[in-house]
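Okay, so here's the structure we're looking at.
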Number of protein chains: 2
Amino acid sequence: MAVSREQILDAAIRHLNASPTASMAQIAEAAGISRATLHRHFSSRDDLVVELGRRALDRWERAQDEAGIAETGAGPADLRATLMALIEGEVGVAEEHGFTLTVETTSEELLARSAELERRELAFIEACQRAGVLRSDLPAVWVSSSIYGLLVALRESLRRGEIAPREATRLMVESFLRGASDKGDLS
Amino acid sequence: MAVSREQILDAAIRHLNASPTASMAQIAEAAGISRATLHRHFSSRDDLVVELGRRALDRWERAQDEAGIAETGAGPADLRATLMALIEGEVGVAEEHGFTLTVETTSEELLARSAELERRELAFIEACQRAGVLRSDLPAVWVSSSIYGLLVALRESLRRGEIAPREATRLMVESFLRGASDKGDLS
DNA sequence: CTAATTTGCGACAATACTGTCTCACTCTAT
DNA sequence: ATAGAGTGAGACAGTATTGTCGCAAATTAG
């Protein structure tokens, strides 16, 4: 087996991120396999896209669970540590994170799961705000959105080779938490 | 004339942002016109996409020019004012900003212009870093990228109706410059 | 080495999309 | 009222994409 199913999914999501209208033939080429083989793994283009979305949500959910956003304590220290772990986990799956929102499917399953994960993340951010870990003068839904946006930027920067992978987490955390303003500057 | 050319472009970019693989028929429906009329304005799908990209780049360039990033002074105060004006201008065209990078065309013209605008923006950010307006411990190219990412997030939030349009600039500036961390929290 | 599995390749029909055209209809300005 | 411009609806051929199939070649396992 030259190219595994996972490798196909990796190549597919990378190619679809850069080129959302890609055909099955183009995706197969990007994965280095023939169109027939691609169809053997995924019966239709929609099947592939749904599978991609499912995997993206799986990984996002896993990042939330491993950070422990549900069972974390209410103290600032706990919340801060959990927040760092969450961001770190999401940086690890930055490739997928942008995909779920660009997803071109009418799959109820994906939409429902996506909404649930957003809900959980929002609740956690609100907890961080109440504990004084995150600013309360920004809407929680916007804070959540800004994480998403920065992850998209991160994915693009990595794809273009503009930043080093080992720097990714640091850049993400710094930009998200502290912003780009020089502290010495008169705010 | 029920629907003007500009209105068609507005509807098209909005629909393509949410659904990049949309067909001409779907775009026409989103614009509230017939497929024939859409073809009267844009001879082909590629023509439409290139036109959309051109307009996006026009507006981005205008935002840069009106902020005056080329002829601004070298002092921190000048640079800071110019930076605020630039971000404000870009927030006004958030709808388009994400489009240029998702653009699915091989148009040399668009790619060249996009590269040039990125180059100009990067140079300005580096100037801000040298003057102590923006942090120097983050790569300028990442700072530039993070603006792009936050604009994408802003566009999505506005589209979903999660934030008020009048709040857009404030949220963008606060997140970009100061980040989401609560200042009272032990950093 | 051999059998089994998997792959690439080409062919194929079915479908979807594109771009063009005609014609009837609806506006609007005069 | 009426001429003119613009529109929607539908038909149309041409093209691209999709999904399926058979078969030969290659890979892998035993």
Side-chain angles (χ1 to χ4, degrees), chain A residues 1-56 98-100 102-111, chain B residues 1-56 96 98-111:
Chain A
M1 193 179 296
V3 180
S4 74
R5 188 183 172 90
E6 284 299 304
Q7 285 176 309
I8 297 175
L9 287 171
D10 287 342
I13 204 166
R14 222 172 301 127
H15 197 256
L16 283 174
N17 274 334
S19 171
T21 66
S23 69
M24 289 294 269
Q26 292 171 308
I27 296 170
E29 187 185 353
I33 60 176
S34 75
R35 202 167 63 89
T37 302
L38 181 57
H39 269 291
R40 283 189 192 101
H41 284 279
F42 308 98
S43 60
S44 71
R45 191 183 196 280
D46 199 64
D47 184 27
L48 170 61
V49 171
V50 168
E51 194 75 12
L52 243 20
R54 214 191 311 266
R55 197 179 69 150
F99 191 78
T100 45
T102 315
V103 83
E104 285 275 355
T105 181
T106 50
S107 161
E108 272 310 318
E109 171 207 350
L110 261 47
L111 292 174
Chain B
M1 193 178 297
V3 179
S4 74
R5 187 182 173 90
E6 284 299 304
Q7 286 176 308
I8 296 175
L9 287 171
D10 287 342
I13 204 166
R14 223 173 300 126
H15 197 257
L16 283 174
N17 274 334
S19 172
T21 65
S23 68
M24 289 294 270
Q26 291 172 310
I27 296 170
E29 188 186 352
I33 60 176
S34 76
R35 202 166 64 89
T37 302
L38 182 57
H39 269 291
R40 282 188 193 101
H41 284 278
F42 308 97
S43 61
S44 70
R45 190 182 195 280
D46 199 64
D47 184 28
L48 170 62
V49 172
V50 169
E51 193 76 12
L52 243 19
R54 214 191 312 266
R55 196 179 69 150
E96 344 266 331
F99 191 77
T100 45
L101 294 215
T102 314
V103 83
E104 287 275 355
T105 182
T106 50
S107 161
E108 274 310 318
E109 171 207 351
L110 260 47
L111 292 174

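Chain letters run A, B, ... following the sequence lines, proteins first, then strands; residues in each count from 1. Quick caveat, the model's predicted, so the values are computed rather than measured.
Rounded to whole Å, the distance from CD1 on Ile27(A) to C1' on dT17(D) is 12 Å. Computed from coordinates, the His41(A) NE2 to dG19(D) C1' distance equals 16 Å when rounded to whole Å. Rounded to an integer number of Å, the gap from CZ of Phe42(B) to C1' of dT18(C) is 16 Å. Summarising the geometry, the separation between CG on Leu48(B) and P on dC17(C) is reported as 16 Å, rounded to the nearest angstrom. Residue Arg5(A) contributes atom CZ, which lies 13 Å from atom P of dT6(C) at whole-angstrom precision. One atom, NE2 of His39(A), and another, P of dT7(C), lie 15 Å apart when rounded to the nearest Å. Between Leu38(B) atom CG and dG8(D) atom P the separation is 10 Å, expressed in whole Å. Look at CE on Met24(B): it is 20 Å from P on dG14(D), rounded to the nearest Å.
Applying the 3.5 Å distance criterion, the base of dG19(C) shares a donor-acceptor pair with the side chain of Arg35(B). If you check distances only, the side chain of Arg40(B) never reaches the base of dG19(C) with a donor-acceptor pair under 3.5 Å.
Within the structure, a side-chain polar atom (N or O) of Thr37(A) is placed less than 4.0 Å from OP1 or OP2 of dG8(C).
In terms of heavy atoms, Phe99(B) sits closest to Asn17(B) at CD1-OD1, 3.9 Å. The nearest pair of heavy atoms linking Leu52(A) to Leu9(A) is CD1-CD2, 3.2 Å. The shortest heavy-atom contact between Pro20(B) and Arg45(B) is O-NH2, 3.5 Å.
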Criterion side chain to side chain contact (heavy atoms under 4.5 Å, CB included) on Glu51(B) and Arg5(B), from CA distance to verdict
CA-CA 11 Å; Glu51(B) 193 76 12; Arg5(B) 187 182 173 90; 3.5 Å; yes

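When each of Ser34(B) and Ser23(A) is assigned the nucleotide of DNA chain D with its nearest heavy atom, Ser34(B) is the one assigned upstream, toward the 5' end.
Which of dG19(D), dT18(D), dG8(D) sits closest to the side chain of Ile33(B) comes down to dG8(D). Comparing atom distances between the Arg45(A) side chain and each of dG8(C), dT18(D), dT7(D) picks out dT18(D) as nearest. The side chain of Ser44(B) has dG19(C) as its nearest neighbour among dG19(C), dG8(D), dG10(C).
Taking a cutoff of 4.0 Å between a charged side-chain nitrogen and a carboxylate oxygen, Asp10(A) and Arg55(A) qualify as a salt bridge.
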